[in-house]
Amino acid sequence: MTPANLADTVLSAARAVFETRGLDLAALPATTAVERPRNPEHGDYASTLALQLGKKVGVAPRELAAALAEELGSRDGIKAVEIAGPGFLNIRLDAAVTGTIARTVVEAGPAYGRNEQLAGERINLEFVSANPTGPIHLGHTRWAAVGDSLRRILAAAGAEVTSEYYINDAGAQVERFARSLYAAANGHPAPEDGYGGDYIGEIAQRILSDDPELAGQPAETALPVFWSRGYELMLTEIRESLQRFGVHFDVWFSEKTLHDGGAVEHAIEELRKQGHIFEEGGAIWLRTTDFTDDKDRVLIRSNGEKTYFAADAAYYINKRERGFDRCVYLLGADHHGYIGRLKAIAACAGDDPEKNIEILIGQLVNLVRAGQPVRLSKRAGNIITLDELLEAVGADAARYSLARSSTDSMLTLDIEEITKHSSDNPVFYVQYAHARICSILRNADDKGMSRGDTYDPALLSHERENNLLKTLGQFPAVVATAAELREPHRIAVYLEERVATDFHRFFDACQVVPKGEDPVTDVNVARRWLVEATRTVIANGLDLLGVSAPERM
RNA sequence: GCGCUCGUAGCUCAGCGGAUAGAGCACCGGACUUCUAAUCCGAUGGUCGCAGGUUCGAAUCCUGCCGGGCGCGCCA
């Protein structure tokens with residue numbers, strides 16, 4: 001029995017009690033959950049349903065709990081139900097019930113943990129979207145890791161997800177980039193408003209090696225070439241960096257195509273139809289203050305130029321026209337001022353800003369080494385690049401470290417700590433559990449100890465087997481919660497503090513493969529099921545984080 | 001000034017209203033002749049920033065204050 005099954009049982013028992021006593025069935029929630037008490041004396045699972053409902057229906061919580069306990073106690077698989085404190089229900093299960101979780105997990109395999117919570121939802125997930133004017137750096141890296149995990153998690157929850165990278169290839173930034181390349185190619189210092197950093201020189205040299213004549217040519221003819229070649233080389237480099245990081249984008253969306261294809265004009269027409277466009281001082285405005293913005297925004301400046309905001313609006317409308325129900329934006333804390341105006345775009349377009357658009361804000365990341373601020377990057381000038389981070393710590397450690405904590409909290413990564421190949425490093429703690437299991441399974445196979453078709457779940461009765469089984473049973477709920485709250489770190493915390501911990505403790509106390517010449521017992525076989533189930537959960541969980549599950553370490 | 005966000009062990013961080021607030025690092029003490037010791041077992045370490053409020057119950061929700069980070073353009 002999984003926790004979800006038990007929760008259903010609790011709810012159905014509550015319904016029975018309500019019917020018997022003539023209580024208001026409308027007070028019952030649609031779903032409930034059971035929790036795992038920290039204190040083992042409080043049973044296998046606990047429910048707070050009586051506490052929550054007591055007041056609603058005017059029955060003392062303890063009295064309601066007593067009735068629920070009696071009803072629940074008669075259900076299959078439940079050994080005992082006790083009432084504690086103000087009305088907690090502490091539930092104990094029959095010995096074999098928890099043991100069946102291993103079969104549930106093994107049979108589901110890679111699908112274990114997937115759920116249908118977000119089935120039917122079409123989600124556009126936009127993240128990173130760094131300007132193609134320099135390498136991906138630390139500021140983007142947290143979202144690369146978290147965004148890609150979120151993509152996997154939302155998909156596991158049944159959503160149809162498209163991950164998207166918005167390329168800001170129109171406007172002044174890329175022009176500055178081109179001018180910087182041109183200056184570097186001619187041995188001049190970067191323009192006042194241009195880009196510094198060694199990569200500018202490197203890219204300029206690559207362009208020159210293809211076309212050495214370019215250096216001497218006037219800006220008029222050379223700049224367009226530096227623009228297009230520089231853009232191409234930079235974007236390729238960005239794609240390759242992200243690929244090395246294991247981050248996948250379904251769509252690379254060019255801002256320029258938005259302008260060239262008339263999407264901005266189209267968007268303004270759509271917004272005009274909704275009645276939120278006005279003219280003032282020769283400029284075209286969107287009255288975002290009709291909704292959640294603190295000031296109105298210019299779409300077309302009085303000199304005829306479209307603003308970046310106009311492209312934002314056009315992009316949002318484009319996404320909706322491509323059929324996405326929900327447009328999710330992952331932005332750094334330095335962009336939190338955009339929430340109001342982005343939501344206002346959706347509202348001005350006639351959408352529901354609470355449903356069709358969602359903006360997630362993540363705090364910034366600091367890097368230190370042994371407690372000291374990390375030296376500045378040579379390559380990017382004043383920031384650390386993703387490539388440098390990858391070189392220093394590797395993709396697995398980098399992704400895990402970044403995905404491990406809530407994006408609400410500012411994160412300080414210590415390079416020294418995450419490069420340690422030892423127990424100091426949480427990612428290895430989880431990966432090691434997986435490698436250990438693979439080793440056990442190899443040994444079992446060598447001994448001809450197969451899993452077979454079945455096992456006796458009652459034999460998995462050791463306290464540490466029980467804890468591990470109950471932990472494995474929580475995985476689908478953890479995935480569902482991570483998807484619902486857009487919080488990938490819950491997967492990492494669960495793997496680390498629950499699964500890997502419970503597995504290592506189990507391993508320490510319970511022999512899986514018989515020692516020496518000992519015969520294979522039914523207990524050994526049952527444990528093999530448990531170990532395979534554990535391997536499945538760790539592999540599935542690490543996959544959601546984009547971290548590898550090694551078979552050997 | 002206005003707005004967003006964070007404040008939990010020496011450090012880095014968990015804890016979507018539940019029971020005695022957790023983990024890793026650091027520090028101290030134990031456990032390997034047999035499935036991986038990158039592990040396990042134990043000890044130390046807390047006014048959950050402060051003060052009120054909401055309720056059976058608050059680290060969690062509300063208000064105020066203090067402290068850190070960030071943002072407030074016909075810039076991109």
Side-chain angles (χ1 to χ4, degrees), chain A residues 35 37-39 41-42 46 48 51-52 54-55 60-62 84-88 90 131 133 168 170-174 176 280-285 294-295 297-303 305 307-309 311 332-340 361-364 366 368 371 401 404-406 408-414 417-418 420-429 431-433 435-444 446-447 449 481 484-485 487 489-490 492-494 496-498 500-501 503-518 524 527 531 552-553:
Chain A
E35 41 187 82
R38 188 155 281 285
N39 185 340
E41 288 175 15
H42 294 152
T48 57
L51 285 168
Q52 292 160 22
K55 182 162 231 176
R62 274 196 74 103
F88 290 101
N90 293 333
N131 283 343
T133 54
N168 299 122
Q173 301 280 15
V174 274
R176 285 178 196 164
E280 191 178 292
I284 308 280
W285 297 69
D294 49 1
K295 59 190 71 169
R297 305 288 167 177
V298 172
L299 292 162
I300 301 184
R301 289 194 265 160
S302 48
N303 67 7
E305 279 181 46
T307 61
Y308 192 88
F309 178 74
D334 52 340
H335 286 78
H336 68 244
Y338 287 44
I339 296 175
I361 296 298
Q363 301 300 312
L364 307 176
N366 294 308
V368 299
S401 304
R404 187 175 174 245
S405 51
S406 161
D408 284 344
S409 61
M410 276 185 293
L411 185 57
T412 302
L413 288 186
D414 193 320
E417 190 166 318
I418 58 183
K420 278 187 190 167
H421 287 225
S422 68
S423 60
D424 304 359
N425 193 337
V427 68
F428 293 116
Y429 183 77
Q431 288 183 314
Y432 182 59
R436 241 182 173 179
I437 290 170
C438 291
S439 173
I440 293 170
L441 295 175
R442 283 191 298 269
N443 293 332
D446 288 348
K447 286 214 168 192
M449 184 186 120
T481 304
E484 180 197 342
L485 300 179
E487 292 185 348
H489 77 277
R490 288 173 185 275
V493 169
Y494 164 75
E496 186 177 322
E497 296 186 1
R498 291 293 185 169
T501 298
F503 168 73
H504 287 306
R505 289 163 59 98
F506 154 79
F507 178 88
D508 186 62
C510 302
Q511 188 74 21
V512 180
V513 180
K515 294 184 185 183
E517 298 303 312
D518 291 354
N524 296 126
R527 285 178 177 165
V531 158
R552 287 188 164 83
M553 283 175 75

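We name chains A, B, ... by the order of the sequence lines, and we start the count at 1 in each one. Just so you know, these numbers come straight off a predicted model, no measurement behind them.
Rounded to a whole Å, the NZ atom of A:K55 is 11 Å from the C1' atom of B:U54. Protein atom CD of A:E517 is 16 Å distant from nucleotide atom P of B:U34, rounded to whole Å. Rounded to whole Å, the distance from CD on A:E496 to C1' on B:A38 is 14 Å. Atom OH in A:Y429 sits about 7 Å away from atom P in B:U39, given to the nearest Å. Atom CD in A:E497 sits roughly 9 Å away from atom P in B:G15 (whole-Å rounding).
Listed by chain and number, the residues in a side chain to side chain donor-acceptor pair (under 3.5 Å) with A:S405 amount to none (sequence neighbours excluded). Applying the side-chain contact (heavy atoms from CB on, under 4.5 Å) test to A:T133 and every residue at least two apart in sequence or in another chain returns A:N131, A:Q173, A:V174, A:F177, A:Y195. Scored by the side-chain contact (heavy atoms from CB on, under 4.5 Å) test, A:E497 finds A:V493 as partners (sequence neighbours excluded). Contacts of A:D294 classified as salt bridge (charged side-chain N to carboxylate O under 4.0 Å, His left out), with partners at least two apart in sequence or in another chain: A:R297. Checked against salt bridge (charged side-chain N to carboxylate O under 4.0 Å, His left out), A:D518 has no partners two or more places apart in sequence or in another chain. Every residue two or more places apart in sequence or in another chain that forms a side-chain contact (heavy atoms from CB on, under 4.5 Å) with A:Y432 is listed here: A:R436, A:H504, A:M553. Remark: A:T501 pairs with A:Y429 by the side chain to side chain donor-acceptor pair (under 3.5 Å) rule, at least two apart or across chains. When the side-chain contact (heavy atoms from CB on, under 4.5 Å) test is applied to A:P37, the partners found at least two apart in sequence or on another chain are A:H42, A:A46.
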Annotated protein contacts, base or backbone, on nucleotides 70-76 of chain B with a non-hydrogen cut-off under 4.0 Å, one of B, S, - each
BSSSBBB
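Separation of the C1' atoms belonging to B:C6 and B:G15 is 16 Å when rounded to the nearest angstrom. Spacing between B:G24 and B:C62 at atom P, rounded to whole Å, works out to 32 Å. Look at the P atom in both B:A21 and B:G46: the space between them is 13 Å, to the nearest Å. Taking atom P in both B:G22 and B:C4, the straight-line distance is 33 Å, to the nearest Å.
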Output a table of nitrogen or oxygen pairs between the protein and nucleotides 43-45 of chain B separated by less than 3.5 Å.
none

Pairs under 3.5 Å (N/O, protein and nucleotides 8-12 of chain B):
residue : atom : partner : partner atom : Å
B:U12   : O3'  : A:T412  : O            : 3.4

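Residue A:R527 places no side-chain N or O under 4.0 Å from the OP1 or OP2 atom of B:C35. Dashed line: the shortest gap from a side-chain N or O of A:R505 to OP1 or OP2 of B:C41 is under 4.0 Å.
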As a check on the pairing definition, encode RNA chain B in dot-bracket form, counting Watson-Crick and G-U wobble pairs whose two distances are under 3.5 Å, and using | for partners outside this strand.
(((((((..((((....[...))))..((((.......))))......(((((..]....))))))))))))....
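In this structure, the nucleotide among B:C13, B:U36, B:C35 sitting nearest to the side chain of A:A435 is B:U36.
Counting heavy atoms from C-beta on, the side chains of A:T48 and A:E35 come closer than 4.5 Å. Contact annotation: the side chain of A:F309 never approaches that of A:V298 to less than 4.5 Å [non-hydrogen atoms, C-beta and beyond].
Contact annotation: side chain of A:N90 to base of B:A19, donor-acceptor pair present below 3.5 Å. One N or O donor and one acceptor, one from the side chain of A:N39 and one from the base of B:U20, sit under 3.5 Å apart.
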